[in-house]
**Q** 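Pasting a structure below so you can have a look.
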Amino acid sequence: MVVTILSRSHADRNVYPSAGVLFVHVLEREHFKGEFPPYPKPGDSSNDPITFNTNLMGYPDRPGWLRYIQRTSHSDGVLYGSPTAEHVGKATIIEITAYNRRTFETARHNLVINIMSTEEYPLPYQAEFFIKNMNVEEMLASEVLGDFLGAVKNVWQPERLNAINITSALDRGGRVPLPINNLKEGVYVMVGADVQFSSCLREVENPHNQLRCSQEMEPVISCDKKFRAQFDIDWCKINLVDITKVVMIHSNRPDPGTGVLPDIGEYNPPSESLKSRDFFADFLITLAVPSAVAMVLFTILGYSMCCRREGVIQLVHHSSIQKSTKELRSMSKNREISWPLSTLPVFSQSGEVVPPIHPDNYETTSMPLMQTQISLRPPPTGQPAYYHKRGLRNLE
């Protein structure tokens with residue numbers, strides 16, 4: 001593993017990582033603060049937000065094996081990745097541009113990566129662990145990664161052990177965790193060794209643990225306690241690869257090009273001798289013809305409604321309906337509260353208007369629909385009920 005820190009000088013910085021070994025390069029904000037104007041208030045510590053942009057010289061992005069992460073503008077940036085054998089002997093120049101988000105000034109450095117070959121590359125036995133309680137920038141810290149390699153070495157007991165690659169779970173299709181309970185994104189760490197896998201690492205392959213993993217239960221691993229204090233490992237996602245038994249499949253793929261189109265000369269526009277096109281016929285088809293059809297239909301409709309007897313009758317009928325509707329609406333605006341039928345004025349034979357039996361302020365909510373204008377009184381004492389009923393009939 002190679003860990004370097006960018007210096008404050010403007011000269012190019014040279015680093016020499018090894019192929020097949022994790023390369024980590026920290027961009028510390030403190031080394032760039034001296035290249036920007038001082039803080040406006042004397043005596044205050046400078047805490048300017050600084051972000052970094054990294055790209056391969058002459059290209060808009062970094063090489064495919066090199067990644068970059070910076071969580072916030074107040075944290076350091078980290079370049080990390082694992083170069084392969086095909087990059088050996090090729091000097092990779094990375095342009096690093098620091099942006100001061102307060103003053104909008106920039107500072108630029110060049111990082112020259114010289115990839116070296118190693119005799120033990122690649123290590124034949126590789127194991128990939130998924131650590132659930134870590135983010136990628138936390139795992140890239142030298143002390144944290146050193147603690148993890150120490151725990152793996154204690155379990156595996158190899159002679160040579162290297163960190164090969166680190167990948168965020170988000171790059172593998174993982175979801176962004178909710179900001180509760182200090183949840184982490186998770187990180188995949190691949191390590192390589194020169195000896196066979198230990199019995200503890202192979203415990204996840206037994207049928208009992210495979211069944212527990214299929215039921216989304218944690219497998220029983222005897223050496224998990226050596227990691228549990230600092231690293232929460234998902235043993236169901238451990239991947240053990242023996243590259244000595246991997247069958248290499250070579251496909252006949254064409255060699256990739258340089259990404260630059262061949263030079264075919266300058267652009268030659270069409271000559272001015274092209275024939276002009278007459279759009280009058282298109283105008284007639286798209287505008288004149290539909291307009292003519294619309295006029296014919298309008299003429300037929302006007303003749304049917306205004307010149308024929310049936311159309312005139314329909315117009316008169318429609319006018320009378322509108323007039324009656326307006327009259328009813330004007331009457332409804334001026335109408336008063338409707339009284340029950342029995343309380344309306346009664347005209348006698350003499351032409352006098354008899355007032356209703358109830359005054360205007362009488363409560364009509366409990367009034368029945370039919371009222372009797374003559375109250376029924378009990379018959380006088382000593383008179384039969386028959387004569388009383390007869391007298392009522394005479395009154396009617």
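All figures in this text were calculated on a predicted structure; none of them were measured in a lab.
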**Q** Quick one: pull up CG in Asn165 and CZ in Phe23 and give me the separation to the nearest 0.5 Å.
**A** 13.0 Å
**Q** Check the surroundings of atom CD in Glu218: do more than 12 heavy atoms from other residues, nucleotides or ligands lie under 6.0 Å from it?
**A** no
**Q** If you measure from CG on Leu123 to CZ on Arg160, what distance do you get to the nearest 0.5 Å?
**A** 6.0 Å
**Q** When rounded to the nearest 0.5 angstrom, what distance separates CG in Leu201 from CH2 in Trp156?
**A** 6.5 Å
**Q** May I ask you to check whether Asn100 and Glu105 show a side-chain donor-acceptor distance below 3.5 Å?
**A** no
**Q** Heavy-atom count around Glu327 CD within 6.0 Å, excluding the residue itself: above 12?
**A** no
**Q** Please confirm whether the backbone N or O of Ile321 pairs with a side-chain atom of Ser324, one donor and one acceptor, at under 3.5 Å?
**A** no
**Q** Is atom NZ of Lys132 surrounded by more than 12 heavy atoms (other residues, nucleotides or ligands) closer than 6.0 Å?
**A** yes
**Q** What residues, two or more places apart in sequence or in another chain, satisfy side chain to side chain contact (heavy atoms under 4.5 Å, CB included) together with His318?
**A** Gln322
**Q** Centres of the Phe231 and Phe129 rings: under 6.0 Å?
**A** no
**Q** How does the hydrophobic cluster around Ile300 look, that is, which other residues are in it when side-chain heavy atoms under 4.5 Å mark a link?
**A** Val296
**Q** Hey, does the side chain of Gln230 reach the backbone of Phe227 with a donor-acceptor pair shorter than 3.5 angstrom?
**A** no
**Q** What's the shortest heavy-atom distance between Gln70 and Asp76, and which atoms?
**A** CG-O, 3.9 Å
**Q** Ignoring hydrogens and angles, tell me if any N or O in the side chain of Asn206 forms a donor-acceptor pair with the backbone of Glu203 under 3.5 Å.
**A** yes
**Q** For Tyr68, is the NZ or CZ atom of Arg62 found under 6.0 angstrom from the centre of its six-membered ring and inside 45 degrees of the ring axis?
**A** no
